[in-house]
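Report on the following structure.
Being a predicted model, the structure only gives us computed values, none of them experimental.
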Number of protein chains: 2
Amino acid sequence: MKRDSRLSNVLHALLHMAEHDGPMSSDVLAKCMNTNPVVVRRTMGLLREHGIVSSARGHAGGWTIEADFRKVTIRQLYEALGEPVVFAMGNRNDEAQCLVEQSVNAMLDDAFVEAERLLLERFAAVTLADLATEFTRRHATHKRKSKHAS
Amino acid sequence: MKRDSRLSNVLHALLHMAEHDGPMSSDVLAKCMNTNPVVVRRTMGLLREHGIVSSARGHAGGWTIEADFRKVTIRQLYEALGEPVVFAMGNRNDEAQCLVEQSVNAMLDDAFVEAERLLLERFAAVTLADLATEFTRRHATHKRKSKHAS
DNA sequence: TTCATTGTAACTCCTATAGTTACATGAAAC
DNA sequence: GTTTCATGTAACTATAGGAGTTACAATGAA
């Protein structure tokens, strides 16, 4: 499968929306994310179902943030996307009869479950506001560096 | 993509081979793993390149374990398979120019890198001998339970 | 010489996201 | 009320890489 980049994409979109006054259209978001407006609508639609954004049709319509940036975690976005499969690897057969296979699966599952738990904990610990702050810091650094370079 | 089950598969195969005297053919391994002999050859071939198994053609040929079960870790098998991609998710573009995207990518990468590190540490901590022991334990439990049930 | 077995090329199948086209629906602007 | 700008959504195609399959050459023991 091509890798699922939806989580990365919605984060990117939400941060741009936060920097922007008024609704942003799928078209504008698609251009700034280098993708297709229909893909944007599909993905943002999942966030709308969870009350994170809203959409308005017609003239001056588009996407608007509804949720509190300080309260929405990456984990919630991951859940809004339907909790996509995390790993590209896994057991062939989770209901194996073979005892050898059961042992192997149990060991691997332990490791995968623990890694997934860590990942989701990390996601739960970061809010959109944290990311926005990090962006501001990075932006300031970038400007300082540019000034030095010139 | 369908999930990559090669690691699970080679573990399954190696443990069966350990329980078996003499070489095992791709055909026999394929049957006991419910797959195809060519798939077995393809995957086992990667382990052969790392000296973990050897293969012999002709009559009474097949696959033989070469490595010391106490020294081969799951991590080494993962590496022998070419370190397959761990996550089904990821950034769209790792060389983003957009500062917003860079912030998002940096945060996500941190989380993914840490989760991957944990997973590979777990893999490095388990040898084939450990797995064989675990299988023996499970097997004993299973037999005891069967006796009680009868 | 026969036959079991690996080695390997060259396909098709699978599966979920991404991308695209097309068009219906809705809402503001004029 | 008509135009115009949006979203909503169906219905496709493209993509990637493992898995599955067929076919056949090469090899080695009986």
Worksheet item: For the pair made of CE in B:Met44 and C1' in C:dT8, what is the distance, rounded to whole Å?
Response: 17 Å

Worksheet item: Can you find a side-chain donor-acceptor pair between B:Asn93 and A:Asn34 that sits under 3.5 Å?
Response: no

Practice prompt. Rounded off to whole Å, could you give me the CG-to-P distance for the B:Asn91 and C:dT17 pair?
Written response: 17 Å

Worksheet item: Do the side-chain N or O atoms of B:Thr35 get closer than 4.0 angstrom to the phosphate oxygens (OP1, OP2) of D:dA19?
Response: no

Fill in: Nearest-Å distance for atom pair CZ/C1', residues A:Phe87 and D:dG17
19 Å

Discussion item. Whole angstroms only, please: what is the CG-C1' distance between B:Leu29 and C:dT6?
Written reply: 13 Å

Discussion item. Could you check whether A:His16 and A:His20, counting side-chain N and O atoms only, form a donor-acceptor pair closer than 3.5 Å?
Written reply: no

Worksheet item: Within the structure shown, what part of the strands sits under 4.0 Å from B:Arg42 by heavy-atom distance: base, sugar-phosphate, or nothing?
Response: base

Discussion item. Rounding to an integer number of Å, can you tell me how far A:Glu49 CD sits from D:dG8 P?
Written reply: 10 Å

Worksheet item: Distance check: side-chain N/O of B:Asn36 vs OP1/OP2 of D:dA19, anything under 4.0 Å?
Response: no

Practice prompt. Can you tell me the distance, in whole Å, between the CG atom of B:Leu7 and the P atom of D:dG17?
Written response: 19 Å

Response to the item:
Distance col, row A:Phe87:CZ vs B:Arg3:CZ, nearest 0.5 angstrom, shows 8.5 Å

Discussion item. Closest-nucleotide mapping onto DNA chain C: is A:Val38 or A:Pro84 further toward the 5' terminus? I mean the 5' end.
Written reply: A:Pro84

Worksheet item: Between B:Ser25 and C:dA4, does any side-chain N or O lie under 4.0 Å from OP1 or OP2?
Response: no

Discussion item. If only side-chain N and O atoms count, and only distance matters, is there a donor-acceptor pair under 3.5 Å linking B:Ser55 with B:Arg48?
Written reply: yes

Item to complete: Between D:dG18, C:dA29, C:dT6, spot the one nearest the side chain of A:His59, thanks.
Response: C:dA29

Worksheet item: Nearest of C:dA18, C:dT5, D:dG8 to any side-chain atom of A:Trp63?
Response: D:dG8

Practice prompt. Could you work out which one of C:dT6, D:dA19, C:dG19 sits closest to the side chain of B:Arg48?
Written response: C:dT6

Worksheet item: Between B:Ser55 and C:dT5, is there a side-chain N or O to OP1/OP2 distance below 4.0 Å?
Response: no

Discussion item. At less than 4.0 Å, is any side-chain N or O atom of A:Ser26 found next to OP1 or OP2 of D:dT7? Yes or no.
Written reply: yes

Worksheet item: Expressed in angstrom and rounded to an integer, what is the separation of A:Lys31 atom NZ from D:dA6 atom P?
Response: 10 Å

Item to complete: Starting from C1' on D:dT22, measure out to CG on B:Asp27 and report it in whole angstrom.
Response: 14 Å

Practice prompt. Establish, from distance only, whether the side-chain atoms of B:Glu134 and A:Ser103 form a donor-acceptor pair under 3.5 Å.
Written response: no

Discussion item. Taking only side-chain N and O atoms of B:Arg3, does any of them lie within less than 4.0 angstrom of OP1 or OP2 on D:dG17?
Written reply: no

Worksheet item: Do A:Thr133 and A:Asp130 have a side chain donor and acceptor closer than 3.5 Å?
Response: no

Discussion item. Can you tell me whether the side chain of A:Arg57 and the base of D:dT7 have a donor-acceptor pair closer than 3.5 Å?
Written reply: yes

Worksheet item: Is B:Arg41 near enough to C:dT6 that one of its side-chain N or O atoms lies under 4.0 angstrom from OP1 or OP2?
Response: yes

